[in-house]
Amino acid sequence: MKKLLYMYKYTGKYWIYAVLCPIFMVAEAVVELQVPEKIGDLINYLQLGIIPDDTFKLLNFFKMNTDKEINVILMLGLIILAISLLSLICGILGGVFASFASSGFSMNLKNGLFEKVQSFSFSNIDKYSTSSLITRMTTDTNWIQMSFQMSIRMLFRSPALFVYAIIKAKRVSASLSLVYFIAIPVIVLGLVIIFLISHPLFEKGIKKLDNLNEVVEENIRGIRVVKSFTREKEEIKKFDDVNTSIYKTFKKAHDIVNLNGPVMNLAIYAVLIVIAFLTTKLVGTGTAQVGDISKMMTYSFQILSSLMMISMMFSFFIISKPSRDRVYEVLHEIPTIRNSENPVTELENGDIEFKNVFFKYSKNSEKYVLNNINLKVKSGETLGILGTTGSSKTTLISLIARLYDATEGEVMLSGVNVKDIDLTLLRDSVAVVLQKNILFSGTTVTGGKCIGVVIATGKDTVYGGLNLSESDRKHGFDVGANSIARVLIRFMLIMVPVVFITSGFMNNNWLSAFTFALSVAVGLTPELLPMVVNACLAKGSHSMGKKQTIVKNINAMQSFGSMDVLCVDKTGTLTGDEVLLEYYMDVLGNESQKTLDYAYLSSFYTTGVVN
């Protein structure tokens, strides 16, 4: 409850809706319970002719004859209609306010989570993992939103309906109302047992959602590697295993929670049977009226239906409790990297110094990633750190920008410990380009300024002319297909006369022979064309196989045959780390020394490799 109340502060400016919703929901419950009372009064009037006092006053107020039965029935009907409409209006307004409040609450909660995550250091993010934080900001907050909406609607409406219905039932018959006090403990016991069994399963299922997000994230980030090594089936199986595990866990948990329904139905109908049996006896002895039976049955249904709504709300709280715990954990996480009390706001130079620096990612780790690092780099100097993958080069750089804090020792910048430097100043002064570079959507490039004059557009530009000529030029595969078509035409031009003459001499029916020859040409051409094309593709695949290239799909040869220039990224893999420069040209296809110079500069300053 403490965590739930803590999260309620995220209602923000939507608190007014969160307050108005319970007010209208309680008003709906109170007004709704007036309906069975008036229906009971109508039944008593029709059977015994007793006019209720409030109805009698209304008849006199509107100067209607109380002796006419139709006037009394009409007045009671109008009262029931007015009460129903008022209850409907309160319910609609309560639902609208609940939607506004829950949506605003969810928005503020997600904003709070996002702001909190932005303040996390790399150590905090490593503790939760990216996939877990994504789940907490999406699935978990959605469950919390639903439970919040249920709480401001049902948490007030159902208890109000329950208490007021018991009061009304006790006014009708105090002895019959004791039945409810027997059924309620049984229902509460059932709900507690369901909670104790299902809650651990929901916690387990929510954690498995983190694994699902992690599998998806890994697959998307490494999609090139997956396709390069044809690991699609293994990745699909991995995803299916995690997905199936989540399904089984949540199915088992929901099956247990769904026992609320049978338990509540059993209690409701058992109470209704007992109430019906006892009220029938009271009516037979004359201690109760027929209208009282209708009132008690309706009150019983309202009491038990309110208990059912409480059980549904209880189910939502069971499901959302692991989500609340996980979100609360993130909101109360203390960033490991924060400003000191009196941070340094000015730096004289960019001198960097490591003094006896030790570092390990986890306090529980036995080995240090960095051991007793001592180095000094003066401002303006360039230092290259070489090492194999996993040798902690990135870790060393991260300590300078204080993405991590050194476990032992000091990292100095301009003679000041980085822990004592204002974080904003430190991050503005030290630029770190990590291995995983990301360009965010909506990013505007402001690396330089330029003024240009548009002198040509569309087809008149160099690239427009290239695209135009490219569309008119036929590819290698098109040329091959056209040559095959010409061969088939020549073959048919020779075969048709031969068939025509042979059939004419044998059958002595030249019209039939001509028709037969024409049919052979028309029918055989579509059959030969795919066969010849497949033969060409098979021959191409065979030729590629001789060059130690595996062709998994024979139809891919068609696309390969349409290529005149093939650009690949894995040049080292294909050429054995030996790149041969055959020629260099500009966009017009002319040899250009300037193009070669630009390529050299790009290679030298981008990768550091001199080709």
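These numbers come from the heavy atoms of this one structure, side chains and all, not from hydrogens, waters or symmetry mates. Predicted, not measured: the structure shown is a model, and the values here were computed from it. Position 1 is the first residue of the sequence, and the numbers go up from there.
Side-chain contact check for Asn349 versus Leu413: every heavy-atom pair is 4.5 Å or farther apart. Val344 is not listed as a side-chain neighbour of Asn417, based on a closest heavy-atom distance of 4.5 Å or more. For the pair Phe250/Leu201, no side-chain contact is recorded, criterion being any heavy-atom separation below 4.5 Å from C-beta on. The side-chain heavy atoms of Phe354 and Met412, taken from C-beta on, include no pair separated by under 4.5 Å. Looking only at side-chain heavy atoms (C-beta outward), Glu214 and Glu218 come within less than 4.5 Å of each other. Taking the side chain as every heavy atom from C-beta outward, Lys110 and Asn142 approach each other to under 4.5 Å. Side-chain contact between Trp15 and Val19 is present, with heavy atoms from C-beta onward closer than 4.5 Å. Between Thr394 and Ser398, some side-chain heavy-atom pair lies under the 4.5 Å cut-off.
In this structure, a donor-acceptor pair under 3.5 Å is absent between the side chains of Thr244 and Asp241. Using modelled atom types, one finds a donor on one side chain and an acceptor on the other under 3.5 Å when comparing Thr336 with Ser121. With hydrogens and angles left out, the side-chain atoms of Ser414 and Asp351 include no donor and acceptor closer than 3.5 Å. Gln593 and Asp597 share a donor-acceptor pair across their side chains, judged by distance under 3.5 Å alone. Side-chain N/O atoms of Ser323 and Asp140 include a donor and acceptor closer than 3.5 Å.
Between the side chain of Ser106 and the main chain of Ser103, no donor-acceptor pair closer than 3.5 Å is present. Counting only distance, with no hydrogens or angles, the side chain of Ser151 and the backbone of Phe148 share a donor-acceptor pair below 3.5 Å. Although no hydrogens or angles enter the test, the distance criterion places no donor-acceptor pair under 3.5 Å between the side chain of Asp240 and the main chain of Ile236. In terms of modelled atom types and a separation under 3.5 Å, the side chain of Lys393 and the main chain of Ile385 share no donor-acceptor contact. Ser99 contributes a side-chain N or O that, together with a main-chain N or O of Gly95, makes up a donor-acceptor pair within less than 3.5 Å. With hydrogens and angles ignored, the 3.5 Å screen pairs no side-chain donor or acceptor of Asn219 with any backbone N or O of Val215.
The ring pair (Phe, Tyr, Trp, His ring centres under 6.0 Å) test applied to Tyr404 returns Phe122, Phe359, Tyr361, not counting sequence neighbours.
Closest non-hydrogen pair, Gly94 versus Met25, comes out as CA-SD, 3.6 Å. Annotation for Leu423 and Asn339: closest pair N-OD1, 2.8 Å, computed over non-hydrogen atoms. When all heavy atoms of Leu347 and Ser429 are compared, the closest pair comes out as CD1-OG, 3.9 Å. Counting all heavy atoms, side chain and backbone alike, Ser198 lies closest to Ile256 at CB-CG2, 4.1 Å. Nearest heavy atom pair, residue Leu399 against residue Val418, reads O-CG2, 4.1 Å. The minimum heavy-atom distance linking Gln145 with Ser102 is given by the pair CG-O, 3.6 Å.
Under a cut-off of 6.0 angstrom, the local environment of CZ in Phe100 is sparse, with at most 12 non-hydrogen atoms contributed by other residues, nucleotides or ligands. When the shell of 6.0 Å around CD of Glu348 is examined, it contains 12 or fewer heavy atoms from other residues, nucleotides or ligands. A 6.0 Å sphere centred on CZ of Phe358 holds more than 12 heavy atoms belonging to other residues, nucleotides or ligands.
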Exercise. Under the side-chain contact (heavy atoms from CB on, under 4.5 Å) criterion, do Lys360 and Glu366 qualify, and how do the steps go?
Worked result: CA-CA 9 Å; Lys360 56 183 177 180; Glu366 296 180 359; over 6 Å; no
Problem set entry | Trace of the ring-ring contact (aromatic ring centres under 6.0 Å, His included) decision for Phe97 with Phe24 | CA-CA 9 Å; Phe97 292 143; Phe24 279 95; 5.6 Å; yes
For this session: Quick one: do Val357 and Val411 satisfy side-chain contact (heavy atoms from CB on, under 4.5 Å)? Show the steps, please.
Result: CA-CA 7 Å; Val357 173; Val411 179; 4.0 Å; yes
Exercise. Going through the checks in order, is the side-chain contact (heavy atoms from CB on, under 4.5 Å) test met by Asn211 and Lys207?
Worked result: CA-CA 7 Å; Asn211 297 334; Lys207 291 179 180 178; 5.9 Å; no
Problem set entry | From CA spacing to verdict: side-chain contact (heavy atoms from CB on, under 4.5 Å), Thr11, Tyr17 | CA-CA 9 Å; Thr11 51; Tyr17 300 114; over 6 Å; no
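For the side-chain hydrogen bond (donor to acceptor under 3.5 Å, both in side chains) with Lys208, the lone residue among Thr135, Asn243, Thr249 that qualifies is Thr249. Here the rule is side-chain contact (heavy atoms from CB on, under 4.5 Å) with Asp428, and of Leu426, Val430, Thr424 only Thr424 fits it.
For residues 328-346, every residue pair satisfying the salt bridge (Lys or Arg N to Asp or Glu O under 4.0 Å) rule, not counting sequence neighbours, is listed here: Lys127-Glu333, Arg136-Glu329. Judged as a salt bridge (Lys or Arg N to Asp or Glu O under 4.0 Å), the pairs with a partner in residues 400-427 (not counting sequence neighbours) are, in order, Arg402-Asp405.
For the pair Lys238 and Glu235, the salt-bridge criterion is met [side-chain N within less than 4.0 Å of a carboxylate O].
For the atom pair Ile197 CD1 and Lys252 NZ, the distance stands at 9.5 Å (nearest 0.5 Å). Annotation: the span from Ile352 atom CD1 to Leu383 atom CG amounts to 8.5 Å, rounded to 0.5 Å. Atom CD1 of Ile334 is separated from atom CZ of Phe120 by 10.5 Å, given to the nearest 0.5 angstrom.
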